[in-house]
Amino acid sequence: MATGLPAGVTVETPGRSGQAGVPVRQGETFYLETFGCQMNDHDSEKVAGVLLARGYRQVENPEAAKVILYNTCSIREKAAQKVFSRLGELRPVGDAERRWMEERELGLRKADLEIGAPGEEESEQRAGRVKTRRLQSTGKIIGVLGCVAQQEGEGIFERAPWVSLVCGSASYRKLPQLIAELEAGNRRVTGLDTDTDETFETEITRRDNPFRAYLTIIEGCDKACSYCVVPFTRGPERSRASGSILQEVRQLADAGYSEVQLLGQTVNSYADPSVTNMRFSELLTAVAEVPGIRRVRFTTSHPRDFGKDIVEAIDAHPTICDHVHLPVQSGATAVLRAMTRTYSREEYLEKIALMKAAKRPISITTDIIVGFPGETEKDFEETLSLLDEVQYDSVFAFKYSPRPNTPSLKMPDAIPEDEKGRRLAILMDRQREIQRLQNEKLVGETFEVLVDGKSRRENQWSGHTSSNRIMNFTSPEQELLGDYVQVKVTSALPNSLVGEMVGR
Ligand code: SAM
Ligand code: SF4
């Protein structure tokens, strides 16, 4: 079935708005930029859905928006810095900044926020101060969402006084209410609770990917890895009821989506809060059996909760994709203990063995941190030997980044930055070679590909295999986007396959 949907599809979702009494803002504009992981991307789809449901219109650049929102990531220091540099671009300059602050204090700026009142264009002309992109932020609502918001809290107002909204992911359902409070004249509002047992279900989700629909099934994380901010920024684990998930999957299938990806920081720690009490592997199976669904993906799995039942579900249902992302973080048990990862190298390898024993080949990918405090050269070599042993199909590798509030911040024997860089480069070289050899073995094989891209070059298309490999291929056909086609691999690169379409 052709599933090509226009970008920006809006799909109604079985959720509760909880926003009774919040004013509709017909025609009001918002700009939303997202940093970080797929979970943030999907949260942004839901934030957009919540605002669209209130009559807002999404615009493509901050200059054109009344409300500017950054959905942020703080997993590593660089990611958090990026957000503050973006906020710096919106800083009112010099005198203008002072005047803006004073006017805001006196409530004069409130008028700028009303529909029909002099907008930013007029107030900018009035002040004759349009010099850089920065000034154009005057009179707008600027909000920081996501992990940086949760982590820095009201401290963001100190660092960037032109920000008026700070809201963590556990409070997104309150967003329209918070924006309404600003419009009513409040200077600053925050949504920073994490002690909610609600998941962020919305009436409407604005989906940006026309081929793959994301669904968060579990929010937060209870694992407490010693280097990680997620338990602080996303709060405790909360799972969504299986009935509500399945209802949304059925609606997605009706809307033309054939591929869904179940999301969670530790997706396989899913604990159904409803009486149905489905295990994660049962939920996978139930999603795979929804008519119209041809591919089910899930990420990220935690090794502790990864069991044989998940592999059995993959074996029993070709609809469940043959790809598992199972972050290891280090190949040395001593480092894993210091990271509080709850498994040893040997226990992790037992999970890998479960997958290698599956009836069909399962593509395995992972995350690795190099340069964790106290990581010796020997520990690092154990990580390299783990790469050789597992033969991952792809690795996301990071230099350890010390993060606020995390236990590893105070650990001794920090590794110097240049040494972290050296280890990262060695690891990536080793893995690139593994991938080159792995992919070369696939030359001559034929895979089903969901076509999700068209090159400007004639007859060139791209898509993903069930194992999530990127396939660039040739086909003389005119329209393939959203179709499932058979592609024979003709050559291989470390990060992608090259092929030609041989059938449908
Ligand atoms: N929940 C997933 C898990 O259990 O592996 C990972 C979520 S995290 C958003 C994605 C990856 O970021 C982690 O697997 C880890 O490799 C990396 N990461 C997390 N904290 C980090 C830190 N402080 N420094 C460097 N990398 C980090
Ligand atoms: Fe962070 Fe560990 Fe939770 Fe993953 S499992 S989100 S790395 S605390």
Side-chain angles (χ1 to χ4, degrees), residues 34-43 71-81 146-148 150-151 169-170 194 216-239 261-270 280 298-306 324-332 335-343 347-348 351 364-375 380 383 386-387 392 394-411 414-415 417 419-421 423-424 427-428 431:
T34 310
F35 302 83
C37 62
Q38 279 164 337
M39 290 204 63
N40 270 13
D41 285 341
H42 184 41
D43 279 349
N71 188 5
T72 61
C73 170
S74 66
I75 198 83
R76 285 168 290 277
E77 196 185 351
K78 263 200 188 137
Q81 277 167 358
C147 295
V148 172
Q150 197 68 51
Q151 187 173 294
S169 63
T194 53
T216 303
I217 64 162
I218 172 170
E219 311 243 16
C221 181
D222 287 345
K223 303 292 186 296
C225 301
S226 63
Y227 52 80
C228 186
V229 290
V230 170
F232 307 102
T233 58
R234 287 191 164 266
E237 281 173 12
R238 286 105 61 208
S239 293
Q261 179 156 343
L262 309 182
L263 295 178
Q265 289 296 340
T266 55
V267 73
N268 58 328
S269 306
Y270 176 78
F280 174 66
F298 54 100
T299 198
T300 296
S301 296
H302 191 284
R304 192 195 72 184
D305 297 329
F306 192 87
V324 174
H325 185 63
L326 198 69
V328 65
Q329 314 299 357
S330 169
V335 177
L336 291 172
R337 296 249 182 278
M339 289 176 162
T340 336
R341 278 299 284 184
T342 73
Y343 52 83
E347 285 162 340
Y348 179 85
K351 312 287 176 172
I364 307 170
T365 58
T366 200
D367 292 347
I368 290 177
I369 297 175
V370 297
F372 190 75
E375 183 191 66
F380 175 60
T383 298
L386 188 89
L387 297 187
Y392 290 108
S394 177
V395 168
F396 297 88
F398 312 100
K399 290 194 274 183
Y400 167 70
S401 171
R403 305 305 297 128
N405 303 322
T406 58
S408 64
L409 199 58
K410 297 199 179 95
M411 289 184 183
I415 309 296
E417 275 305 305
E419 176 58 17
K420 287 184 205 169
R423 291 181 190 181
L424 185 66
L427 185 135
M428 284 167 64
Q431 179 57 25

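Counting convention: from 1, in listed order, for ligands and their atoms alike.
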Which segment of [X] sits under 4.0 Å of ligand 2 when only heavy atoms are counted:
X	value
Pro327	neither
Thr266	side chain
Cys221	side chain

Under 3.5 Å: N/O of [X] near N/O of ligand 1:
X	result
Tyr400	no
Arg403	no
Thr300	no
Gln329	yes

How far is [atom] from its nearest protein heavy atom, and which residue and atom name does that atom have?
atom	answer
atom 4 (O) of ligand 1	Arg341 NH1, 3.2 Å
atom 7 (S) of ligand 2	Tyr227 OH, 3.3 Å
atom 26 (N) of ligand 1	Arg76 NH1, 3.4 Å
atom 25 (C) of ligand 1	Lys399 O, 3.4 Å
atom 21 (C) of ligand 1	Tyr227 CD1, 3.7 Å
atom 1 (Fe) of ligand 2	Cys228 SG, 2.3 Å
atom 23 (N) of ligand 1	Ser401 O, 2.8 Å
atom 7 (C) of ligand 1	Gln265 OE1, 3.2 Å
atom 4 (Fe) of ligand 2	Arg341 NH1, 4.2 Å
atom 8 (S) of ligand 2	Cys225 N, 3.4 Å

Say you draw a straight line from [atom1] of [X] to [atom2] of [Y]; how long is it, rounded to the nearest 0.5 Å?
X	Y	atom1	atom2	answer
Arg337	Thr342	CZ	OG1	9.5 Å
Asn405	Thr233	CG	OG1	10.0 Å
Leu387	Ile368	CG	CD1	4.5 Å
Ser401	Glu417	OG	CD	8.0 Å

>> Which of the numbered atoms in ligand 1 are under 4.0 angstrom from any heavy atom belonging to Pro327?
In response: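 Those atoms are 3 (C), 5 (O).
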> Going by the angle between their ring planes, with limits at 30° and 60°, are Phe372 and Tyr400 parallel, tilted or perpendicular?
Replying inline: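 Because their plane-to-plane angle is over 60°, the rings of Phe372 and Tyr400 count as perpendicular.
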>> Please tell me whether Asp305 and Ser269 have a donor and an acceptor in their side chains that are separated by less than 3.5 angstrom.
In response: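 Ser269 and Asp305 do have a side-chain donor-acceptor pair below 3.5 Å.
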> Which ligand 2 atoms, with their elements, are less than 4.0 angstrom from a heavy-atom of Lys223?
Replying inline: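 The list of qualifying atoms is 3 (Fe), 5 (S).
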>> I need the atoms of ligand 2 closer than 4.0 Å to a non-hydrogen atom of His302, numbered in the order shown.
In response: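 It comes down to these atoms of ligand 2: 5 (S).
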Do you know which two heavy atoms are closest between [X] and [Y], and how far apart they sit?
X	Y	result
Arg76	Lys399	CD-O, 4.4 Å
Thr72	Val148	OG1-N, 3.0 Å
Arg341	Pro303	NH2-CD, 3.7 Å
Gln150	Phe232	CG-O, 3.6 Å

>> Any carboxylate oxygen within less than 4.0 angstrom of a Lys/Arg side-chain nitrogen, looking at Glu347 and Lys351?
In response: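 Salt bridge absent between Glu347 and Lys351.
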> What's the verdict on side chain to side chain contact (heavy atoms under 4.5 Å, CB included) for Val324 and Phe298, showing C-alpha distance, side-chain angles and the deciding distance?
Replying inline: CA-CA 8 Å; Val324 174; Phe298 54 100; 4.0 Å; yes
>> Given Asp367, Val370, Ile75, Thr366, identify the one with the heavy atom nearest to atom 19 (C) of ligand 1.
In response: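 Residue with the shortest heavy-atom distance to the ligand atom: Ile75.
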>> Between Glu237 and Lys223, does the salt bridge (charged side-chain N to carboxylate O under 4.0 Å, His left out) criterion hold? Intermediate values first, please.
In response: CA-CA 9 Å; Glu237 281 173 12; Lys223 303 292 186 296; 2.7 Å; yes
